[in-house]
Structure formats: structure tokens, C-alpha cells
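Counting starts at 1 for both ligands and their atoms, in listed order.
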Amino acid sequence: KEIGVENMALWAGRFKKEINANVNAFNSSISFDARMYKHDIMGSQAHAKMLAKQGIISRQNLTEILKGLDDILCELENGDLLFDPHAEDIHMFIEAELTKRYPESGKKLHTARSRNDQVALDLRLYTRDEIKDIQGMLMELMQVLINQAKGHTHTIMCGYTHLQRAQPITFAHHLMAYVEMFYRDYTRLDDCMKRLNVSPLGSGALATTTYPIDRHFVAQELHMNDIMYNSLDGVSDRDYAIELANDLAMIMMHLSRLSEEIILWCSWEFKYIELDDAYATGSSIMPQKKNPDIAELVRGKSARVINDVSTLLTMMKGLPLAYNKDMQEDKETLFDAIDQVKLCLPVFSDMINTMKVNKQRMQECAAKGFINATDCADYLVKKGKAFRDAYKTTGQLVAYCIDHDEVLETLPLDIYKSFDEVFEKDVYQAISLLTCVENRVVDGGPAPQTCQKAIARMEKQLEALNHD
Ligand code: ARG
């Protein structure tokens, strides 16, 4: 059942006319801030408890307010109560609904509070929950990547710089690079949470209030770390929203880079991986096609999340203190960033989890393409040559190979020797891709046992996050 337009807004006292219907629709934010209903109720209940504790409202008022808000929450969740699309925003809607049920108590709820500190609080409470959700999804993605990596610590792969064949690595090492990124993303959200989880309630419209309120009590009720210590800042700070959007943009940027690689890897030219049929799409005209739509869409969506950061910064940069209605625009933007990330992460994890890796093909592609040239130079250095000389000799060897359609792996020893006498038979062992990878045991390197150590270390770090 829908509730009709209120005859007059809650703030109607000063006005002689009802608001123009178009202006009301233009001004209203309920279509998008309704999603904060739970947090608005939670904040109001904490506020009411504080008012009663301080003797500002009666125990009877408190009982009715808590009951009324509990009922509203319950009815909204089970669909017995619908949001009024004509309400100005979620805050007004819930207060009006409460007042309908308990007129005397409902009218007291807004004592010592303004919508300015109310909305500032609600958005913090709302984003706090979303951050936890997103962290759970990041954790899932990291675990999926680690599982794939564990099966490929010996899978030789060509590593690139400038998208040119560079040095041999393993597929596990490559995947673990992304786990490091997502781990930073996870902890970045923790940092954001610290600054976000403080209570602006009690800032009032801009200059607090004359009632003897207890701001710390409200913060504790809501499991917030502290209160905000300047009321002007309390109502007009959206740094946490920008910070969160930025953190989300970073996640999308990382997802987008991996998407780009997945798109390349499942091309016919690479064929490093094959996506599961359930996580790819066909073409409406070309029967042979299997398209990596998920990865492309994630890459595409990263653009809009990156833009959300810019929208928020631009929206805020010219605002004088304290609250300005412009700030109502923060929500759709921030919600969009949150929604996109929450759409992308789970489907991306499933895609990674179900993809098949073509070890053989990766290995073949790594071979015979001079990605062991650095190791060939290093071989000469171990035989006493200076690195620059060794580098030059190897460059000449590579040029020779290209001209004669040869590769370092099979170039005859006498030809090696014609470039430098110190070359011996052991050069073939030294430049085998497996050796190249296995010798890179330096911390952070691709050698299988080093990578396994990095995986174990990361798993410990994730375990610690799970226990926080
Ligand atoms: N819907 C408003 C918003 O999102 C709530 C705060 C309104 N405050 C005011 N002074 N008009 O920003």
C-alpha cells in the first residue's frame, strides 16, 4: 500500500504555499536514498536512546520511538510498507511514518538533530556495511587467484614489458602479482574505514545544539570509534565518500588490467587460457566465437567508477561551509561506484575459478623467443665478463639468430664460440627457461619455491585479516 502525498512537508511552518509538484520531484532523493532506510533507523534509535538517557525525552517516548521504528523496519523489509515516492527523502519519510503511528513521540525524535548531521551519519553507517561486503568479495577473489596460482608454480610463461617478450616467469607468479594488488585494496578499505567510522551526530544543522546531548554515547551505541570534533566539518565532510570511491576505482583499475590480460590470453593468437562456457558468450552471427564478455564489461565499467571519483571531487570543490544541497548528489555517485564493484567482483571470481589454463601452450610460447637472452648475458658474466660486454655479445648473438632463423636454445656451440671463446656446453643448461626461472630465487622472484613462499606468506596475511 502506497502512502499518498503529505499535505504539507514537515518543515511547512514558515511556508504559505505547498511546494510545487515538479520542484518536489526535482528536490526529492528518496528514489535513491531509500536504500539507507536501515541505517537511518539505526541512527534514529541511537539518537532517541541518548535523548532519553539525558532526560530530553521521556522513557515512554523512547519506548514508542523504538517500537515504531522497529515496526517500520520490519514492514519495509517484508513489503508491508512501501516507500512514498513523493517523500522528500528517506529521513523525512521515516520520521513522518513514525509520527503517524505515535504522534506525540514521533514529533520529538528530531529534537537536537538536523537532517544535515542525520544524513552525514546515515551515509557513514551505510558505507560501513558496504565496505565489509566488498572486503568479503575481495577475500574470495584473492583465494580463487591463490588456488589457481598453486597449480601453476611450475608453469613457465613469457613475462612481458612494453607487451614485448621479456623474461620467463611462471603463471603463478603472474597471478600472485594481482593478489598483492587486491590485498592492498583490502587494507586500503580498512584505512578508509578508520576515518569513516566516526560520528557526526550532534553537529546539528551546523553549530551543534543547546540541549545537553551525549555525543559519545551515540557513537558507542553505533560502534563508531569516536565523534567528529568540529560541527561544521561534521555536517559537510564527504572526504570519506571520495576516499571510498577512490579505493573502489583502484579495485576497478586492477580488475580492468587483469581483464585486459584475460581478453588477450583467450584470443586465438595467445590461447593461454580458456574460459568456461558458462562464463563466456557467443556471437549472434559468427558461429565460431567465444567472447570474454565478463572481462570486457569489467574493463568498461572501470571507466565509470573512475569517473565517480572525479564527480565527487568536482561536486565538493566549490562548496562553502557547511551543508549545501549539492551534497545530495554524493549518493547516486557513490552508490554507483559501490554497485559496480559489487557486480564485478563475484562474477570475476567465478570466471577465474572456472577458467582452464593451457600450460602446454604457455610453455611453447615462452620457448624460442629470446626471453633467455638476459640469462645468456649473465652466463658470460659468471664466466668473468663485464655485464656491458656480455650484454653486447648476447645482442649480437640474438641478431645472428634472427638473421639465420635460429634460436639460442639450439644454436650450435661453435657459433657461440665464434662470438666468445668462453662459451661451453653448459650454456644450454644455463639458458633453459626452467633454469632461468629456477635461478630467480631472490625474494619477490618467480622461482617455484620462492613463489610458494610468497603464496604461504600471503595466505598468512589473509588469515590475519579474517581474524580481525
Ligand atoms: N536528502 C538530503 C541529502 O541527501 C538530506 C539533507 C537535507 N538537508 C537540508 N538541509 N535540506 O543531502
**Fill in**
The option among D89, I30, N324 carrying the non-hydrogen atom nearest to atom 5 (C) of ligand 1 is D89

**Asked** Between R457 and D443, is the closest basic N to carboxylate O distance under 4.0 Å?
**Response** no

**Message:** Suppose we measure from atom 10 (N) of ligand 1 to each protein heavy atom; which comes out shortest, and what is that distance?
**Reply:** N116 OD1, 3.0 Å

**Cation-pi, Y240 ring and R124 (6.0 angstrom, 45 degrees)** = yes

**Fill in**
re atom 4 (O) of ligand 1, the protein heavy-atom contact at minimum distance is K331 NZ, 2.6 Å

**Asked** What atoms of ligand 1 come closer than 4.0 angstrom to any heavy atom of S29?
**Response** 1 (N)

**Item:** R188 bridged to D185 by N-O distance under 4.0 Å
**Value:** yes

**Prompt:** Between N307, L312, I306, which is the residue that forms a side chain to side chain contact (heavy atoms under 4.5 Å, CB included) with S310?
**Reply:** N307

**Item:** Ion pair check, D190 and K194, cut-off under 4.0 Å
**Value:** no

**Cationic N near anionic O, under 4.0 Å, E95 to R115** = no

**Prompt:** How far is atom 11 (N) of ligand 1 from its nearest protein heavy atom, and which residue and atom name does that atom have?
**Reply:** R115 NH2, 3.7 Å

**Prompt:** Which atoms of ligand 1 are found less than 4.0 Å from any heavy atom of Q328?
**Reply:** 1 (N), 2 (C), 3 (C), 4 (O), 12 (O)

**Request:** Output yes when the distance from some N or O of ligand 1 to some N or O of Y323 is under 3.5 Å, and no in every other case.
**Result:** yes

